[in-house]
Amino acid sequence: MRVIDIHNHFFPEFWPNLATRYGTPDWPWIRHTEAGKADIMVGDRFFRHIYSACWDPEVRLQEMDRDGVDLQVISATPVLFAYERPMEHALDCAQMFNDAALELCSRGKGRLKSFCQVPLQDTDAACRELTRCLQSGHLGVQIGNHVGSKNLDDPGVITFLHHCANEGAAVLVHPWEMLGRDRMPKYMMPWTVGMPAETQLSVVALILSGAFDRLPSTLRICFAHGGGSFVFLLGRLENAWHHHPVARGECQHPPSHYLNRFYVDSAVFDQRTLQFLVGTMGTGQVMLGSDYPFPLGEEHVGSLIRQSNLPQDAKAKLLSGNAEGFLQIKSESHATGANRSEAAAGPSPPMPESGRLTYSSYLKVPELLELQQPQSSPPHHDELLFILVHQTYELWFKELLHDLDAVVANLRRAGEAPHSHDEVYEAARLLRRCTEITRVLVEQFTILETMLPTHFLAFRGMLEPASGFQSEQFREIEFLCGLKDEKMLRYHRPTPEAYASLKRRLEEPSLRDVFFGALQAMGKLVPPSANVSEREQFEARARAVHELYKDEHHHRDWIDVCERLTEFDELVVSWRLRHIQLVERVIGIRMGTGGSTGASYLKLTLDKKFFPELWEARTLLAE
Ligand code: HEM
């Protein structure tokens, strides 16, 4: 899935001394402190620490690869807007940084695009600079959410927004120069409290002034930081609109009518908030925005959306589909996941030929990372772990089935050609892999035990009636090895495919059957006659194994297979035991979501063995 980040920032590595250039103090400047690090200063006041991702496209692209971002639309930083300065200075400053943005994009291997800035205090100059920028390659404009005391419903700003609509420029509204600063001197409160309030004020100003009734619906406008506090206060606004004529403003419809007229980005940093935001705005109005690479930005860009429990199609819209509409760019571009992984390989990677295999296209990494869909709403932090651990088990179960099937095939061939040792050797080799995998599976429960019982109980209710009973592959392993319990099929009736493959396993000769079939072919075991009881057959098979061990010199390879099978059996019992311990640790003696008595039921499975004759043979040997 393509990933587009529409809200992130840049600073050039160097720019002229603006205070000298314009003859006025307190302009932003960059102070490089050490390699790859710098401070933004405003006059002699410290403003922000930044690092080389702001100006170095290589660093940026590497971090985009790390986060799985295909395309960034970069913007300057509001501290450079200069709306309170003389127009000539603000225009010159805008041109300088707009050209610097394009220069940075030109080194971005097609994966960096830009929004320009304009001197919004002067509508004509702002419109002219926007047109110049669109012609030179910017996709739109980032504007501050107010010009001094003028909100976005100011006639000059509205004229500019008309111009944006006419020119087809996307508009990103960014809060700046936060209100109430004298009451927020500490703790970054202007950013954490002031910014959301600023943005909300802008959205409300556009709605209540009736601007959306007058602006063409072709205007594409987005508000940063999830639209600030707007969606949380929409109900209050709506209530006021319906019940207090004075609060209605000049808009023709209630405020909620205008939600499809603007976008918001996803920079809200909390799953509950994202759910609420998407629930209120709709899946078509929210786009990935990260505030990268600033300190309050999303640490792993896109992770909030990826880890949400939104449906896949909604995630696709948030990660790229909506941005493609907002930016009016084609849904496919040459910046794909394929060249992402190439770019990650080194500073000047060769461009991949299209269609060639890459790490992630081979391993289907993007698809894999989309497969975790928490059910809890808002998603509980530990549910991702719960899902991932189970998925990892299922992946290893798949490999176990793959290897055990190969073991069966080898032992069958060994029975057909009793003097060839290759198949027996190969069976033992693959069984060793199975034991190593199972050893890991036993250990892996410890990871899940880092989850507090209370944390599991917080989302356990969502899981019913799903249960481990329904693990098709686990049951397949049991059936394949020889532990066949037809009753267990009932848990798979809802999934006909699983039911059919388990039924097939039930009817097929098991690993245990094939093993003893091979001993029969070797003449170590007499085929059972019709009137021989189950018990007698069992004892005969145990004696055949006993015979192998007694003649170690001639049967080393078969003894090796027996040892591996025994070890595998032993490890599966360890798995059952560790699973019970986990269950007791997490839910005590509660019933299972599959309807069993839980731990006490599971304890009954501890005596189950795949290859009981191999164990019986040990008793015979000891006699
Ligand atoms: C918090 C963690 C877990 C709890 C509380 C739990 C609980 C249970 C319970 C109570 C059962 C009995 C069936 C039922 O009534 O639902 C069960 C069965 C099962 N669970 Fe888990 N389980 C957990 C984790 C896992 C994991 C990580 C796996 C890995 C695949 C797993 C695989 C199974 C399997 C295969 C069964 C069927 C066992 C059998 O029939 O012998 N469980 N689980």
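Just so you know, ligand 1 is whichever comes first in the structure, and atom 1 is the first atom listed for that ligand. Everything numeric in this text was worked out from a predicted model, so none of it was measured.
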| query | With ring centroids as reference points, do F276 and F232 lie under 6.0 angstrom apart? | reply | yes
| query | If you measure every N/O of F397 against every N/O of ligand 1, is any gap under 3.5 Å? | reply | no
| query | Below 4.0 Å from any atom of ligand 1, is there a heavy atom belonging to R475? | reply | yes
| request: Assert yes or no for the condition that the ring centre distance of F516 to F538 is strictly below 6.0 Å. | output: no
| request: Step through it carefully: locate the ring centre of Y362, locate the ring centre of Y359, and say whether they are under 6.0 Å apart. | output: no
| task | Answer with yes or no after comparing the ring centroid distance for F610 and F515 against a 6.0 Å cut-off, counting only values under it. | result | no
| request: Please identify which atoms of ligand 1 are closer than 4.0 Å to at least one heavy atom of G594. | output: 14 (C), 15 (O), 16 (O)
| query | Please state which protein non-hydrogen atom is closest to atom 3 (C) of ligand 1 and give its distance, to 0.1 Å? | reply | L582 CD2, 4.0 Å
| task | Verify whether one side chain among Q372 and Q391 offers a donor that lies under 3.5 Å from an acceptor in the other. | result | yes
| task | Check ligand 1 against F445 and write out every atom of the ligand that is under 4.0 Å from a heavy-atom position of the residue. | result | 26 (C), 27 (C)
| Any idea which protein heavy atom is nearest atom 24 (C) of ligand 1, and the distance to it? | H390 NE2, 3.5 Å
| field | Heavy-atom nearest neighbour in the protein, as seen from atom 15 (O) of ligand 1, with distance rounded to 0.1 Å | value | S596 OG, 2.7 Å
| request: Taking atom types as modelled, find out whether S471 and E394 have a side-chain donor-acceptor pair closer than 3.5 angstrom. | output: yes
| Heteroatom distance test (H579, ligand 1): nitrogen or oxygen, under 3.5 angstrom | yes
| message | Using ring centroids (six-membered ring only for Trp), state whether W575 and F474 fall under 6.0 Å. | response | yes
| query | Can the ring centroids of H455 and H380 be said to lie less than 6.0 angstrom from one another? | reply | yes
| Hey, is R576 one of the residues with a heavy atom under 4.0 angstrom from ligand 1? | yes
| L448 neighbourhood, listing ligand 1 atoms whose heavy-atom distance to it stays under 4.0 Å | 2 (C), 27 (C)
| query | Among protein heavy atoms, which lies nearest atom 6 (C) of ligand 1, and at what distance? | reply | V583 CG2, 3.5 Å
| Nitrogen or oxygen atoms of Y393 and ligand 1 under 3.5 Å apart | no
| Minimum-distance protein heavy atom relative to atom 10 (C) of ligand 1 | G592 CA, 3.4 Å
| task | Indicate the ring-plane relationship of H225 and H7, choosing parallel, tilted or perpendicular according to the 30° and 60° boundaries. | result | tilted
| request: Give a yes/no verdict on whether any heavy atom in W575 is under 4.0 Å from an atom of ligand 1. | output: yes
| request: Can you sort out which atoms of ligand 1 are near G598, meaning under 4.0 Å from one of its heavy atoms? | output: 10 (C)
